[in-house]
Amino acid sequence: AYDDPIRIHKEWLGYLQPVGLVVVPAAMVKAGVVVDTNLMEPHARFLEALGTWAFNETDDQEPVIHDWASFAMEVLDWQDRNLVKEPAALQLHLPDYQETLRPTYGVPNPMKAGDGKDPSDWMMLIQELPKGEAFDRPAQVEGHHWQATPQERFERLLRETQVPIGLLVNGREVRLVYAPKGETSGYLTFPVKAMSETTGRLIFGAFRELLSSERLFTAATEQWLPTILSDSRKAQAEVSTALAQQVLSALYELLRGFQAANAKSHGKLLDEVLEKEPNRVYRGLLTVLLRLVFLKFAEERDLLSRHGTFLQHYSVAGLFDRLREDYAQFVDTMDQRYGAWAQLLVLFRLTYDGCNFTGEDGRLHLPPRHGYLFDPDRFPFLEARPMGSTRQPGETIQAPLVSDLVVYRVLEKLLILDGERIAYRGLDVEQIGSIYESMMGFSLHVADGPTVAIKSAKPHGAPASVNLEELLALPGAKRKEWLQKATDQKLTGKAEEALKTANRLEDLAAALAPKIDVEASPSRRAVPAGSLILQPSPERRRSGSHYTPRSLTSRIVGKTLQPILQRLGNYPKPEQILALKILDPAVGSGAFLVEACRTLAELLVMAWRAHEALPKLPPGEEPLTHARRLVAQHCLYGVDRNPMAVD
């Protein structure tokens, strides 16, 4: 196992459980980061550099870092020139809180020899806190009017100074923070006590590799820490592409689950809506997946509730953990139990209506958010209610019999990738949008005969369904052309000959077997007549779905907005910015509108400060976050011929 560097990186990262995206194994291996498992001499040097401290009278002494500067020089081989004490250029005054944020140290960029006034002159900021001060709890400090956690204060400093890398140090822990401009932050916390133990040498090895003098100051550009952090973000785009394909598979799984539930209800669940508006079923199932992705994203950002009852009994993550345990122990009976879908319905209702509950472990409060996405009356069939019905106060519903196995498989595709948990907190909004887009561009049909789904000829296209009876009825010589027109797939060689000569459905299915999509047609078998199938539009089939990276959107948005912003003058007023209207006439996954939101929000914050017109902010909210909300509410419009894209 220790001959595999990817495996080693996964091991220490699994122990530390990063929050958000900091480093990924592939980027570290590319940069030559190899964690040495034979660290006797460096580990001994590390232990000698530590002091001890008792944080309470009743506690034992534990190892701590007394002073970061001395520790970095003794253990990581830094030099005096690598640390600048409280650089004036990196201090941030917060007039709205009457405070000034200042780092303990600034680490100069070894690739530049600037005067320190440009953000690129600095590689890293370091904030030393009093020993044992928690990173994630507000500290009652004299002179602090902003009641934010040290992590929130430090992130604000990193973003405003435009130095994206930082270290938070409190003696007991060292936290590597990465907060690039306009992107989601992430952090990785190294516990000193764990690293001081023999079993923690692997963690210490990773700590030393990432923060050593060589990695920060003398390594080649492609091997130094800023490059590793940046490349890790680029690698996340590949994660979102793979996840998008899995979410599409989850849509097929959910469709089969509702078809089975409809059969159990003898048609009461879906027959009416299938007869009157079949695509409403597709849109309803797609909305379920949009809700789940949204909720997982919100859970990992602590936007819902940290109450124990919610996390254990109502959250998406809590439900998946219970189903995963059931799958390990009772897999044979999971398709005969139906409680998980009912729990999801409760979660959807809680998100829409909110709740206020006080139990033994305190008060569980969720505000009623209402809104379009979670409105239970949009798709009543999800709750086994008749088409067009509206919910009634105190109404009791009989949830559809969607099995726990189906819900488990859906959640597994949403939460697990290559055997690892997906960190939704590390996904950018554009990446969430690309996941949504992978499920769009379909219509729902009822199969007229035995049907298989043929793989897309495009890397990220969608499989197209083919009626085998219709294909078999054609003369052998015309089947290849018909298949290519319907699916864009072209058979050659033995497969082409088998397609031409097949005279039974079984022979035809065998000829097509290598081209059958196993997610849409499990076990490469044809689904019988009457089955629900998803058929992509010709455009969706041919073009596929695509992740639009920020490297593209930022340039296009910047070029587009430049002449408009120039007309506003050097110092536009806040109301001028909020009066702008930005329309994307083919919104897709919304990537261009998201980038426009970022651009205008940054300009709005500058306008507030230039005109001394900073509004009163909600408690704990940064100006940039508030500005993005206002820009999204006032300036952004999206149109698409696919209504689900606008959703």
Side-chain angles (χ1 to χ4, degrees), residues 238-256 259 282 285-286 289 409-410 412-414 417-418 434-472 474 476 478-502 505-529 531-547 642:
E238 299 175 8
V239 170
S240 69
T241 300
L243 177 58
Q245 291 302 114
Q246 287 197 177
V247 174
L248 179 57
S249 299
L251 179 60
Y252 291 124
E253 193 73 53
L254 194 57
L255 179 65
R256 290 191 287 268
Q259 179 174 312
Y282 157 62
L285 300 185
L286 174 55
L289 296 178
R409 286 173 174 165
V410 167
E412 184 181 41
K413 293 181 186 298
L414 296 182
L417 182 64
D418 294 331
S434 75
I435 293 169
Y436 288 173
E437 193 170 33
S438 71
M439 300 180 287
M440 296 177 188
F442 292 89
S443 57
L444 187 73
H445 298 268
V446 178
D448 293 327
T451 301
V452 294
I454 303 298
K455 297 176 185 176
S456 171
K458 295 285 185 180
H460 306 299
S465 296
V466 173
N467 185 331
L468 294 182
E469 289 180 343
E470 186 177 351
L471 181 57
L472 188 65
L474 294 172
K478 294 186 177 182
R479 292 172 185 168
K480 176 183 175 181
E481 180 183 357
W482 185 92
L483 183 68
Q484 187 172 353
K485 185 177 179 180
T487 68
D488 301 317
Q489 282 286 5
K490 185 177 180 180
L491 296 185
T492 59
K494 292 183 179 179
E496 179 184 358
E497 185 61 28
L499 176 69
K500 182 178 179 180
T501 59
L505 291 176
E506 293 81 358
D507 298 334
L508 195 58
L512 295 174
K515 299 292 186 181
I516 294 177
D517 187 290
V518 294
E519 296 294 341
S521 298
S523 305
R524 292 190 169 87
R525 292 200 191 100
V527 297
S531 299
L532 302 182
I533 56 173
L534 291 175
Q535 191 72 293
S537 66
E539 182 182 358
R540 171 71 174 88
R541 190 182 74 228
R542 296 190 183 101
S543 64
S545 64
H546 302 277
Y547 167 63
N642 184 338

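As a basis for the values below, the full set of heavy atoms in this structure was taken, side chains included, without hydrogen atoms, waters or symmetry mates.
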> Do any N or O atoms from the side chain of Glu496 and from the backbone of Lys480 form a donor-acceptor pair under 3.5 angstrom?
Replying inline: no
> Looking at Leu472, Asn467, Leu474, which hits side-chain contact (heavy atoms from CB on, under 4.5 Å) with Glu470?
Replying inline: Asn467
> Run the salt bridge (Lys or Arg N to Asp or Glu O under 4.0 Å) check on Lys494 and Glu497 step by step: do they pass?
Replying inline: CA-CA 5 Å; Lys494 292 183 179 179; Glu497 185 61 28; over 6 Å; no
>> Looking at Lys500, I'd like to know if its NZ atom is crowded, meaning that more than 12 non-hydrogen atoms belonging to other residues, nucleotides or ligands lie closer than 6.0 Å.
In response: no
> Can Leu444 and Leu285 be said to form a side-chain contact (heavy atoms from CB on, under 4.5 Å), step by step?
Replying inline: CA-CA 11 Å; Leu444 187 73; Leu285 300 185; over 6 Å; no
> Can you tell me how far the CG atom of Asp517 sits from the CZ atom of Arg524, to the nearest 0.5 Å?
Replying inline: 9.0 Å
> Looking at CE of Met439 and CG of Leu534, how far apart are the two atoms once the value is rounded to the nearest 0.5 Å?
Replying inline: 11.5 Å
> Mind checking whether Thr451 and Leu468 have side chains closer than 4.5 Å, heavy atoms only?
Replying inline: no
> Rounded to the nearest 0.5 Å, how far does OG of Ser249 lie from CG of Leu254?
Replying inline: 12.5 Å
>> If we ignore hydrogens and angles and just use 3.5 Å, is the side chain of Glu469 paired with the main-chain N or O of Pro450 as donor and acceptor?
In response: no
> Are any of the side-chain heavy atoms of Leu499 and Trp482 separated by less than 4.5 Å?
Replying inline: no
>> Using a 6.0 Å cut-off, check whether atom CD of Glu506 has over 12 heavy atoms from anything other than its own residue.
In response: yes
>> Closer than 3.5 angstrom, by distance alone: can the side chain of Gln246 be matched with the main-chain N or O of Lys413 as a donor-acceptor pair?
In response: yes
> Got a donor-acceptor contact below 3.5 angstrom from the Ser521 side chain to the Ala453 backbone?
Replying inline: yes
> Going from CD on Gln489 to NZ on Lys515, what distance comes out if it is rounded to the nearest 0.5 angstrom?
Replying inline: 4.0 Å
>> On a heavy-atom basis, which atom in Pro463 and which in Tyr252 lie closest, and how many Å separate them?
In response: CG-OH, 3.0 Å
> By side chain to side chain contact (heavy atoms under 4.5 Å, CB included), which residues pair with Ala502, not counting sequence neighbours?
Replying inline: Arg479, Asp507, Leu508
> Between Leu251 and Leu286, which heavy-atom pair has the shortest distance, and what is it?
Replying inline: CD1-N, 4.1 Å
> Under the side-chain contact (heavy atoms from CB on, under 4.5 Å) criterion, do Leu248 and Glu519 qualify, and how do the steps go?
Replying inline: CA-CA 9 Å; Leu248 179 57; Glu519 296 294 341; over 6 Å; no
> Ignoring hydrogens and geometry, is there a side-chain-to-backbone donor-acceptor pair from Gln259 to Leu532 under 3.5 Å?
Replying inline: yes
> What's the shortest heavy-atom distance between Ala250 and Val410, and which atoms?
Replying inline: O-CG2, 3.8 Å
> How far apart are the closest heavy atoms of Pro528 and Ser531, and which atoms are they?
Replying inline: O-OG, 2.8 Å
> Between Ala464 and Thr487, what is the shortest heavy-atom contact and its length?
Replying inline: CB-CG2, 4.1 Å
>> I need the minimum non-hydrogen distance between Leu243 and Leu414, along with the two atoms involved.
In response: CD1-O, 3.8 Å
>> Walk me through whether Val452 and Ile454 qualify under side-chain contact (heavy atoms from CB on, under 4.5 Å).
In response: CA-CA 6 Å; Val452 294; Ile454 303 298; 4.0 Å; yes
